[in-house]
Participant: 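Take this structure first; my questions come after.
Numbering of residues begins at 1 and proceeds along the displayed sequence.
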Amino acid sequence: QVQLVESGGGLVQAGGSLRLSCAASGNIFRVNTMGWYRQAPGKQRELVAAITSTGSINYADSVKGRFTLSRDNAKNTVYLQMNSLRPEDTAVYYCKLSSWVSRDSWGQGTQVTVSS
């Protein structure tokens, strides 16, 4: 049983920055992948970025060079630093934890709105 709690979403102007946090608690297997997905109105949910417990990161092409994903294994927390935000980044952002031991876990989502 894993619980994910996201924070840091909000309203920001184009070109601005936000930092999202996702804290995991519960029975967390050491070897895992944590990441962020997002879903805009009328669109499919898509991967934004994911990071393994050893620090290997995958970014969506649309966010490379603008977003930075990191994790603090001691705190079981991942951070998504979002810079140079664009209106098309507007979406609900969901944290996800995956491992071979447990079922995938999802956070409740946090709204990010970027105004033009």
Side-chain angles (χ1 to χ4, degrees):
Q1 298 296 104
V2 177
Q3 192 79 23
L4 302 176
V5 179
E6 302 121 325
S7 63
L11 175 64
V12 66
Q13 289 183 278
S17 298
L18 288 172
R19 190 180 78 151
L20 305 183
S21 298
C22 174
S25 61
N27 189 20
I28 305 167
F29 188 62
R30 178 174 56 85
V31 180
N32 63 68
T33 298
M34 297 183 70
W36 292 91
Y37 289 71
R38 67 186 181 187
Q39 187 166 24
K43 297 182 179 179
Q44 296 183 5
R45 188 172 298 185
E46 64 177 355
L47 174 70
V48 177
I51 185 169
T52 70
S53 52
T54 57
S56 181
I57 303 173
N58 286 329
Y59 292 102
D61 288 341
S62 60
V63 307
K64 286 181 180 177
R66 300 189 298 120
F67 293 7
T68 302
L69 185 66
S70 62
R71 69 184 291 165
D72 185 336
N73 289 336
K75 297 181 178 180
N76 292 315
T77 300
V78 293
Y79 307 93
L80 185 66
Q81 180 65 46
M82 308 164 66
N83 298 328
S84 302
L85 283 163
R86 305 165 180 169
E88 53 263 41
D89 295 318
T90 296
V92 177
Y93 285 69
Y94 298 91
C95 183
K96 181 185 179 182
L97 183 149
S98 301
S99 77
W100 290 108
V101 177
S102 302
R103 298 173 184 174
D104 293 348
S105 298
W106 290 88
Q108 80 285 352
T110 185
Q111 177 70 47
V112 172
T113 302
V114 184
S115 62
S116 60

Participant: What are the two closest non-hydrogen atoms of Ala14 and Ser116, and how far apart are they?
Facilitator: CB-CA, 4.4 Å
Participant: Which heavy atom of Val2 sits nearest a heavy atom of Ala24, and at what distance?
Facilitator: CG1-CB, 4.4 Å
Participant: Got a sec, which pairs hit disulfide bond (SG atoms under 2.5 Å apart) with one end in residues 29-90, sequence neighbours left out?
Facilitator: none
Participant: side-chain contact (heavy atoms from CB on, under 4.5 Å) with Arg86: which residues, sequence neighbours excluded?
Facilitator: Arg66, Glu88, Asp89
Participant: With sequence neighbours excluded, tell me which residues meet side-chain contact (heavy atoms from CB on, under 4.5 Å) with Lys43.
Facilitator: Ala40
Participant: According to the salt bridge (charged side-chain N to carboxylate O under 4.0 Å, His left out) rule, which pairs have a member within residues 99-108, sequence neighbours left out?
Facilitator: Lys96-Asp104
Participant: Which residues pass the side-chain contact (heavy atoms from CB on, under 4.5 Å) test with Ser62, not counting sequence neighbours?
Facilitator: Arg38, Ala60
Participant: Give a yes or no answer on whether the side chain of Asn73 reaches the backbone of Ser53 with a donor-acceptor pair at less than 3.5 Å.
Facilitator: yes
Participant: Taking Tyr37 as the starting point, is it possible to reach Ile51 by hopping between hydrophobic residues whose side chains are less than 4.5 Å apart?
Facilitator: no
Participant: Under a 4.5 Å side-chain heavy-atom rule over Ile, Leu, Val, Met, Phe, Trp and Tyr, are Val112 and Leu80 clustered together?
Facilitator: yes
Participant: Do Leu18 and Gln81 have side chains that get closer than 4.5 Å, going by heavy atoms?
Facilitator: no
Participant: Donor-acceptor pair, distance only, cut-off 3.5 Å: does the side chain of Tyr93 make one with the backbone of Glu6?
Facilitator: no
Participant: So do the side chains of Thr68 and Tyr59 get within less than 4.5 Å of each other, counting heavy atoms only?
Facilitator: yes
Participant: Kindly write out the residues that satisfy side-chain contact (heavy atoms from CB on, under 4.5 Å) with Asn32, not counting sequence neighbours, or none if the list is empty.
Facilitator: Ile28, Met34, Arg71, Leu97, Ser99
Participant: Please identify each residue that fulfils side-chain hydrogen bond (donor to acceptor under 3.5 Å, both in side chains) with Thr52, with sequence neighbours left out.
Facilitator: Thr54
Participant: Compute whether any side-chain donor of one residue and acceptor of the other, for Glu46 and Gln39, lie under 3.5 angstrom apart.
Facilitator: no
Participant: So, for Thr33 and Ala50, which heavy atoms are closest and what is the spacing to 0.1 Å?
Facilitator: CG2-CB, 4.0 Å
Participant: Going by the disulfide bond (SG atoms under 2.5 Å apart) test, which pairs reach into residues 36-110, not counting sequence neighbours?
Facilitator: Cys22-Cys95
Participant: Hey, what do you get for CH2 (Trp36) to OG1 (Thr110), rounding to the nearest 0.5 Å?
Facilitator: 7.0 Å
Participant: Can you establish whether the number of heavy atoms outside Gln3 located under 6.0 Å from its atom CD is more than 12?
Facilitator: no
Participant: Not counting sequence neighbours, which residues clear ring pair (Phe, Tyr, Trp, His ring centres under 6.0 Å) with Tyr94? List them please.
Facilitator: none
Participant: Are Tyr79 and Leu69 grouped together when hydrophobic residues (ILVMFWY) are joined by side-chain heavy atoms under 4.5 angstrom apart?
Facilitator: no
Participant: Once disulfide bond (SG atoms under 2.5 Å apart) is applied, what residue pairs with a partner in residues 43-79 remain, sequence neighbours excluded?
Facilitator: none
Participant: In the hydrophobic cluster built from side-chain contacts under 4.5 Å, what are the other members alongside Val101?
Facilitator: Phe29, Val31
Participant: Say whether Phe67 and Val92 are linked into one hydrophobic cluster, either directly or through other cluster members, by side-chain heavy-atom distances under 4.5 angstrom.
Facilitator: no
Participant: Tell me the side chain to side chain donor-acceptor pair (under 3.5 Å) pairs involving residues 7-31, sequence neighbours left out?
Facilitator: Ser17-Asn83
Participant: To the nearest 0.5 Å, what is the distance between CH2 (Trp106) and CG (Leu4)?
Facilitator: 10.0 Å
Participant: With hydrophobic residues grouped by side-chain heavy-atom distances under 4.5 Å, do Val48 and Ile57 end up in a single group?
Facilitator: yes
